[in-house]
Protein chains: 2
Amino acid sequence: MARLPVYLRALTALAERGIRTCSSEDLAAAAGVNSAKLRKDLSYLGSYGTRGVGYDVDYLRYQIAREIGVTHDWPVVIVGIGNLGHALANYSGFRSRGFRVVALLDADLERTGELVAGVPVRPFDDLEAIASEHSVAIGVIATPAAAAQDVADRMVAAGVTSILNFAPAVISVPEGVDVRKVDLSIELQILAYHEQRKAHEHARDEHPDLPEMPAVVGGDQ
Amino acid sequence: MARLPVYLRALTALAERGIRTCSSEDLAAAAGVNSAKLRKDLSYLGSYGTRGVGYDVDYLRYQIAREIGVTHDWPVVIVGIGNLGHALANYSGFRSRGFRVVALLDADLERTGELVAGVPVRPFDDLEAIASEHSVAIGVIATPAAAAQDVADRMVAAGVTSILNFAPAVISVPEGVDVRKVDLSIELQILAYHEQRKAHEHARDEHPDLPEMPAVVGGDQ
DNA sequence: AGGAGTTTGTGAACGCGAGAACAAAACGAG
DNA sequence: CTCGTTTTGTTCTCGCGTTCACAAACTCCT
Ligand SMILES: NC(=O)c1ccc[n+]([C@@H]2O[C@H](COP(=O)([O-])OP(=O)(O)OC[C@H]3O[C@@H](n4cnc5c(N)ncnc54)[C@H](O)[C@@H]3O)[C@@H](O)[C@H]2O)c1
Ligand SMILES: NC(=O)c1ccc[n+]([C@@H]2O[C@H](COP(=O)([O-])OP(=O)(O)OC[C@H]3O[C@@H](n4cnc5c(N)ncnc54)[C@H](O)[C@@H]3O)[C@@H](O)[C@H]2O)c1
């Protein structure tokens, strides 16, 4: 389930506030979901709650971490150390949430040797050696879109079976390899869409006799 | 629909390859979705296709852009010019997809005046003046989690009605304000989850008599 | 010990989106 | 003009995820 990490973060926040036990209502509020949904999600992992009492925060935290698989660190490689790659390499949140950046790779040899957050940038061709040495299963693509498919192919060939792709390109991979795509432009465009609909709503509130969909400008051609 | 930006990007890619017209099958393949779903999504916008022929790429591109609301540029402010804020400010993809960064804000006055991608960093307290001057409706939060709620409150007070939040914190906003959250750690954790399940699958393939869920270590307490 | 009050775990209804299948429409050939 | 081909727009069904509602179970107080 994609919601488990959200629960884990909410539990960590509760633990940091010294809270030792919590009800499904509390946790659901902290995670921003319905309490019935949360209970059903948790019951899928097993019966870790106590009726009439609630959940033990630390115990549940460990169980969810175990289910997700972040009780030990996962080695990660980042490919493409440009603007975004630098930010990712400097991000401390990965380390504290179960991930360890074992290598930074870039095709631009001028970047080789540069230290980012204490990790040296290495040539992209070192990928295979690094991946097999550290048993890397997770790779991050932060290269331009044009290079994304090539990088993904090389990663898969080197034994990577999970890819986080920041490039705005659809990449295809063999069966058994997971890809997740993060596309910041699309997030903004979705906001713009809702923003525009708010503006329309507003216009119609003030001029209720306007049609909902105005005539298309720039018609057929 | 959250898929419209994906279609728009696929159409742009087709247009750049000189393709003037395409069928729903073609476009669906480029966008990585089912063709029936794509046709249903497009029919929700109106009847912009021609039976027996397909869709005119440029015409459909304009219609989708109009529906999303990116036929004109949206002004955007970015708050928190640290690692991530720098990367976002330098990202050219925003500009080319309908967004214009009108201001970079940071509470750290030592950053004031620094130029990032030609835009100067300004004090966070300039938010209200900038927002009203440029009619900013969209704000990006790239501050630490502890500051996210405060920044969001100030943004809302300044008239921002859509927020893209990169901080790992649940922020609450009044009715009518949209928030989208991008959480990179959660993306990685979801990959780790699948990765772990692959490892389990594999272990069970080799030792089919192991139970599916091993006994819980660290039992009750 | 027993009852009152809480809170979990789950069975059942509901709603919604996805996909298959088909009818309507446009185009071209003869 | 008519028929066959292609492709859209739409209807229908199926399955899944969400949510409600309630019984089981645990604690605490008397
Ligand atoms: N910067 C952002 O905030 C941002 C936001 C959203 C999406 N993106 C996407 O992330 C990707 C990277 O963005 P960026 O701003 O860091 O770009 P960038 O140009 O600053 O960095 C790209 C890096 O990738 C390296 N590279 C190029 N081809 C390579 C290859 N074949 N193998 C290995 N490395 C290679 C380049 O040498 C460069 O260092 C782009 O696809 C961009 O669209 C960036
Ligand atoms: N760096 C990454 O790749 C990355 C990845 C995922 C998530 N994030 C999240 O994005 C956020 C920023 O990350 P970062 O690495 O850029 O951190 P950072 O510490 O480098 O930058 C944070 C910036 O915010 C400014 N700031 C702090 N409080 C502020 C306030 N009240 N108002 C305005 N500005 C304020 C600071 O001066 C600093 O410049 C964090 O919440 C982090 O968890 C970062």
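Just so you know, these numbers come straight off a predicted model, no measurement behind them. A, B, ... follow the sequence lines: proteins, then strands. Residue 1 opens every chain.
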Less than 4.5 Å apart, side chain to side chain, heavy atoms only: is that true for A/L11 and A/L27? yes
Looking only at heavy atoms, which two atoms of B/S23 and B/Y55 are closest? And how far apart? C-CD1, 4.5 Å
Ranking C/dA18, D/dT27, D/dT8 by distance to the side chain of B/K40, first place goes to C/dA18
What is the distance, to the nearest angstrom, from the CG atom on A/L42 to the P atom on D/dT18? 13 Å
Determine, stepwise, if the pair A/Y193 / A/R197 fulfils side-chain hydrogen bond (donor to acceptor under 3.5 Å, both in side chains). CA-CA 6 Å; A/Y193 171 76; A/R197 290 182 74 92; 3.2 Å; yes
Check whether any side-chain heavy atom of A/Y7 lies under 4.5 Å from a side-chain heavy atom of A/D41, and answer yes or no. yes
In whole angstroms, the gap separating P of D/dC16 from OH of A/Y44 amounts to 14 Å
Nearest-nucleotide pick for A/S43, side chain only, options being C/dT10, D/dT10, C/dC27: C/dT10
Any A/R39 side-chain nitrogen or oxygen under 4.0 Å from OP1 or OP2 of D/dC20: no
Selection from C/dA21, C/dA20, C/dG9 that lies nearest to any side-chain heavy atom of B/N34: C/dA20
So, is A/Y55 close to the C/dG9 phosphate, meaning a side-chain N or O under 4.0 Å from OP1 or OP2? yes
Candidates C/dT10, C/dA23, C/dA18 - which lies nearest the side chain of B/R51: C/dA23
Map A/G52 and A/A36 onto DNA chain C by nearest heavy atom, then report which one ends up closer to the 5' terminus. A/G52
Within this structure, what is the CG-to-C1' distance between B/D56 and D/dT8, rounded to whole angstrom? 15 Å
Let me know the distance between CG of A/L45 and P of C/dG9, rounded to the nearest Å. 10 Å
What is the distance, rounded to the nearest whole Å, between atom CG of B/L38 and atom P of C/dG17? 17 Å
Within the structure, does a side-chain N or O atom of B/S24 lie under 4.0 Å from either OP1 or OP2 of D/dT8? yes
Contact check, side chains of B/I19 and B/D26, non-hydrogen atoms, under 4.5 Å: no
Among C/dT10, D/dT10, C/dG9, the one nearest A/S47 by side-chain distance: C/dG9
A/D26 CG to C/dT6 C1', in whole Å, measures 12 Å
Rounded distance (Å) that lies between atom P of C/dT8 and atom NZ of A/K37: 17 Å
Here the distance between atom P of C/dA20 and atom CD of B/E25, to the nearest Å, is 11 Å
